[in-house]
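Read the structure below first, then the notes.
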Number of protein chains: 2
Amino acid sequence: MRALEIPDPELASLVSEAAKLATDYWASLEARPAYPVTSGGETSRLFDRAWPDEGRGRAVLDDFSAIAEHVRPCTGRFFGYVAGSGEAVGAIGDFLASVLNQNSTSWRSAPAAIAIERVVVGWLAEAVGCGGFAGSLCGGGSTANLMGLAIARESLLPANEDGARPGIVYVSEQAHMSIAKAVSLLGLGRNNLRLISVDENFRLRTDALRDAIARDRDAGKTPLAIVASAGTVATGAIDPLRDLAEIAKMEGLWLHVDGAFGVMAALAVPEMFDGLSLADSIALDAHKWLYQPIDCSCLLYRERDAARNAFSHSGDYVKIFNQDPEEVFAFFEESIELTRRFRALKLWMSLQYHGRYAYREAIIRDLRHAQLLDNAVRAHPQLELLAPVPLSAVCFRHRIKNNEAILKRVIARGRVYLSNATIHGRFALRACFVNHRTTPQDVDEIIHEVIAAADELNA
Amino acid sequence: MRALEIPDPELASLVSEAAKLATDYWASLEARPAYPVTSGGETSRLFDRAWPDEGRGRAVLDDFSAIAEHVRPCTGRFFGYVAGSGEAVGAIGDFLASVLNQNSTSWRSAPAAIAIERVVVGWLAEAVGCGGFAGSLCGGGSTANLMGLAIARESLLPANEDGARPGIVYVSEQAHMSIAKAVSLLGLGRNNLRLISVDENFRLRTDALRDAIARDRDAGKTPLAIVASAGTVATGAIDPLRDLAEIAKMEGLWLHVDGAFGVMAALAVPEMFDGLSLADSIALDAHKWLYQPIDCSCLLYRERDAARNAFSHSGDYVKIFNQDPEEVFAFFEESIELTRRFRALKLWMSLQYHGRYAYREAIIRDLRHAQLLDNAVRAHPQLELLAPVPLSAVCFRHRIKNNEAILKRVIARGRVYLSNATIHGRFALRACFVNHRTTPQDVDEIIHEVIAAADELNA
């Protein structure tokens, strides 16, 4: 027997044991707490061990239940962050992707995987009203935003031989931290990010943006890009995309849309994303509002050549001897990744398994759940809504009690999980709905748990 | 039934169908060609379709066989690029990771997943003689190299408020293209990458490096980092790590080791990587020479604070209310990723299933296979070895026939797959061994197929 080889019958039995673990786990989800009872000491005690010299064999599967008990289960009652629910067919697709173990870097390396990724990227683009955009999958919104801004820079302000030239990036003060991180990583300089104020709906103020651009031009600086949020991570605000596209066009700037959280909702409520198709690049996360297992993000771009211009650094090593346009296609020419996981397979399987209508319906349900909570908060005398709810993030507070203490209690009670945000300097409880497992009853529990936690603080 | 919900029995049957597809596929590997008979037209015809409105249900599994027939199978006879073989327990781990759908960004988000990632990173560091290094998993060597150089820049030459300051990066002319891509992405300027000449073993020449650094200092430029290759993608050359570490120390430069291909071999032949533990950061790919399914790369770093300094841009959104050192731990503070797949689970399961000795043995077998081919090429009157074989990449040529034509024929014959390299300006056939399925008989087939292909060119 070769090292690392497993006889076929043993492998078959391993796979079916794992299959049973998976189905039992999914079936157990609703009975699990929204957050585990655990501690740093406990996870160290359980998992801090040396790599054994001799193999443990199938006993490694016995760890699964301890792992499952010490992670956050994707129940319908987990409302923290923007945490997608991990659709099961997507997980099966991920398994088969690992079985096939393709390197989705170029058609030559992985013919069907590349064809499928190109097709599913087309589905995503069309689903959000951007048919005709090119794009590629990547690991997360941070990477997609980084790539969008890298393409912007190389298109409009290419680094000269000695380094990056400073260019100003404009975002709302509600933008995700990944934008600042990208600006810093690209060497544009932390001072070259302009945080623009927002209106009462937490949308970027176009008048403030115009002023900021004019001030920078007057000061001899070079505006580079506008990053619009759709929606913001705290409140789900969608910046005025059409207005921003007009400003970008008039000023000769790149328009990147950070739609990691919200853009997939265009499948259900396209009217809320008016102007999206005028963007130059769009980041969206299929592991958020398309319920796919992590990781599955996508950067869409209007011009494939712009992405190539930013990322093509081929060596002999990957030289392709072929002229067929399908067969010379290489994602590594338009991505920061070279080796690339076959992420498209989960989308291919999951999106076709359920069909487009079911996805639209799931998103509509999430939007409805947010409205349910919005209404329930407003109807409750002890609670206060802190921001409008355009999409599915709801920020609210208890009017009297310490909300940070309430949040800790809510999480410790384990029935629902909320996260937090800062709204006008105030600590907000925050629930976000991007979860196909959530029911209206789960939404009701949020109010129940917050009030119960607040009451406990009395005691 | 909620949208996207699947009844438990239907899901159980889907999972067991997928399990059967997986085990049948693995069992079929040796019977498959090393490269499929396909074309761009064929993959478009098969897979170019619209996202259906109504779900196809379990019929999506029927696509698997067409996909499997139009991708490269990870047989023991695939020797192109640096293509790991996709160990089966790793694939099962990937499945369970997608079932759990954790966001491995911080302990708070995914307690057991974070504990396990910290442990397996420790295993990797220790396995390559760098016990005590911190690190994090990422998607590929390109990302790991990018992060290594980003940490270097922020440690030694932080971008000032207005942008990146130019710093010179030194690599051998044999370095992987991802280094140039990283330098460009970071805004350091394409002219600030110095390609240093190599010796007869394709190792970076330290005398040439010293001269280049001195010339840059004389010209008022600022040296920043040395990137050592271990090993190079073409020939597997390992730069003189200890000498480079001394130069880096004396000159105050960062030493990053691009060990995406080769560093894991330190588990088997540590003496070839003398000085590795003197590096500041090291990129290695567990999806190459640790046989894991794509994607699974790792960046190791001596100082966790240096990584934090480069990547920490936290917002309120992810503020952690906790003081326990395990519980405040956050990988997003030391990575370009925020959302992060639970990649550690496949390593956790696969490395423990087989044990450390089996992995060492598999690597030793790969090294032995390379020596077998090396010997066979030298023994064959029509073939010529083009470079020494320190690790497991073998570059050779037919002495008389057109080698590019031979390569095309070899691939079309479908029995083995080779890729190519350019060695001293000449087209080389290249075989690389990072595959636990390869047997000595498979190695013999390489010579047989190259000679048969060459003979066909006569006809």
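So that the names make sense, note that chain A is the first sequence line, chain B the second, and so on, each numbered from 1.
Put simply, the side chain of A:Lys181 gets close to the backbone of B:Phe311: a donor and an acceptor are under 3.5 Å apart. Within the 3.5 Å criterion, the main-chain N or O of B:Gly41 finds no donor-acceptor partner in the side chain of A:Glu326. Checked by atom type and distance alone, the side chain of B:Arg153 pairs as donor or acceptor with a backbone atom of A:Leu185 at under 3.5 Å.
B:Leu61 touches chain A through its side chain: at least one heavy atom from C-beta onward sits under 4.5 Å away, while N, CA, C and O do not. Heavy atoms of B:Tyr357 lying under 4.5 Å from chain A belong to its backbone as well as its side chain. With a 4.5 Å cut-off on non-hydrogen atoms, B:Ile114 does not touch chain A at all. Looking at B:Thr438, the atoms closer than 4.5 Å to chain A (heavy atoms on both sides) all sit in the backbone: N, CA, C or O. Using a 4.5 Å cut-off between heavy atoms, B:Arg49 touches chain A through backbone and side chain atoms alike. Looking at B:Ser104, neither its backbone nor its side chain comes within 4.5 Å of chain A, counting heavy atoms on both sides. Of the atoms belonging to A:Asn192, heavy atoms from both backbone and side chain fall under 4.5 Å from chain B. Of the two parts of B:Thr38, the backbone and the side chain both hold a non-hydrogen atom closer than 4.5 Å to a non-hydrogen atom of chain A. Contacts of B:Val119 with chain A are made by side-chain atoms alone, with heavy-atom separations under 4.5 Å and no backbone atom involved. With a 4.5 angstrom heavy-atom cutoff, B:Glu154 touches chain A only via side-chain atoms. Both the backbone and the side chain of B:Tyr359 come within less than 4.5 Å of a heavy atom of chain A. With a threshold of 4.5 angstrom between heavy atoms, B:Arg56 approaches chain A through its backbone and through its side chain. Using a 4.5 Å cut-off between heavy atoms, B:Glu87 touches chain A through its side chain atoms alone.
In this structure, the side chains of A:Leu21 and B:Val99 stay at 4.5 Å or more apart for every pair of heavy atoms. Between A:Asn101 and B:His287 there is no side-chain heavy-atom pair separated by less than 4.5 Å. The closest side-chain heavy-atom distance from B:Arg341 to A:Asp94 is below 4.5 Å. Between B:Ile294 and A:Arg340 the shortest side-chain heavy-atom distance does not fall below 4.5 Å. Taking the side chain as every heavy atom from C-beta outward, A:Phe342 and B:Ile67 approach each other to under 4.5 Å. For the pair B:Ile6/A:Trp26, no side-chain contact is recorded, criterion being any heavy-atom separation below 4.5 Å from C-beta on. Residues A:Thr43 and B:Glu327 form no side-chain contact, since every pair of their non-hydrogen atoms from C-beta on lies 4.5 Å or further apart. Between A:Leu100 and B:Phe64, the closest side-chain pair of non-hydrogen atoms falls below 4.5 Å.
Contacts with chain A were tallied for B:Ala68, B:Ser16, B:Gly57; B:Gly57 has the most, counting heavy-atom pairs under 4.5 Å. Chosen from A:Glu126, A:Gln292, A:Lys346, A:His70, the residue pairing most often with chain B at heavy-atom distances under 4.5 Å is A:His70. For the set B:Glu337, B:Arg365, B:Arg58, the entry with the most heavy-atom pairs within less than 4.5 Å of chain A is B:Arg365. Between chain A and the options B:Ala113, B:Ser39, B:Pro73, heavy-atom pairs under 4.5 Å are most frequent for B:Ser39. Put simply, of B:Ala59, B:Ala97, B:Gly55, B:Gly90, the one with the most heavy-atom pairs under 4.5 Å next to chain A is B:Gly55. The residue among A:Gly84, A:Gly40, A:Ala18, A:Ala88 with the most heavy atom pairs within less than 4.5 Å of chain B is A:Gly40. Your options are B:Thr439, B:Val15, B:Asp8, B:Leu46, and the one with the most heavy-atom pairs under 4.5 Å with chain A is B:Val15. When A:Ser297, A:Ala22, A:Pro36, A:Ser98 are compared by the number of non-hydrogen pairs under 4.5 Å with chain B, A:Ser98 comes out ahead. Contact count against chain B (heavy-atom pairs under 4.5 Å) is highest for A:Val71 among A:Thr23, A:Thr339, A:Val71, A:Thr143. The most heavy-atom pairs under 4.5 Å with chain A, out of B:Ala310, B:Ala260, B:Gly187, come from B:Gly187. Chain B forms the most heavy-atom pairs under 4.5 Å with one residue out of A:Ala66, A:Gly140, A:Ser142, and that residue is A:Ser142. The residue among A:Leu11, A:Leu345, A:Leu146, A:Asn103 with the most heavy atom pairs within less than 4.5 Å of chain B is A:Leu11.
Note that CG of B:Asp295 and CG of A:Asp295 are 6.0 Å apart. Values are rounded to the nearest 0.5 Å. Considering CG of B:Leu338 and OG of A:Ser178, their distance stands at 7.5 Å, rounded to 0.5 Å. Here the straight-line distance linking atom CZ of B:Arg118 with atom CG of A:Asp48 works out to 9.0 Å at 0.5 Å rounding. To the nearest 0.5 Å, atoms CD (B:Glu361) and CG (A:Leu4) are separated by 9.0 Å. A distance of 12.0 Å separates CD1 in B:Ile336 from OG in A:Ser184, rounded to the nearest 0.5 Å.
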Stepwise, does the side-chain contact (heavy atoms from CB on, under 4.5 Å) test hold for A:Leu14 with B:Val89? CA-CA 8 Å; A:Leu14 264 183; B:Val89 180; 4.0 Å; yes
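Across B:Tyr81 and A:Ser109, no two heavy atoms sit closer than the pair CE1-OG, 3.9 Å. Contact detail for B:Pro111 and A:Arg72: the closest heavy-atom pair is CD-N, 4.4 Å. For the residue pair B:Tyr353 and A:Val60, the shortest heavy atom distance occurs at N-CG1, 3.5 Å. Across every non-hydrogen atom of B:Ala127 and A:Trp51, the tightest pair is CB-CZ3, 3.9 Å. The minimum heavy-atom distance between A:His436 and B:Glu5, with the atom names listed, is CD2-N, 4.5 Å. Across B:Ala50 and A:Trp123, no two heavy atoms sit closer than the pair C-NE1, 3.5 Å.
In this model, a donor atom of one side chain and an acceptor atom of the other lie less than 3.5 Å apart for B:Trp348 and A:Asp63.
Under a 4.0 Å N-O distance rule, the pair B:Arg360/A:Asp53 does not qualify as a salt bridge.
Evaluated for a side-chain contact (heavy atoms from CB on, under 4.5 Å) with B:Pro52, the options A:Gln352, A:Arg356, A:His354 yield exactly one hit, A:Gln352.
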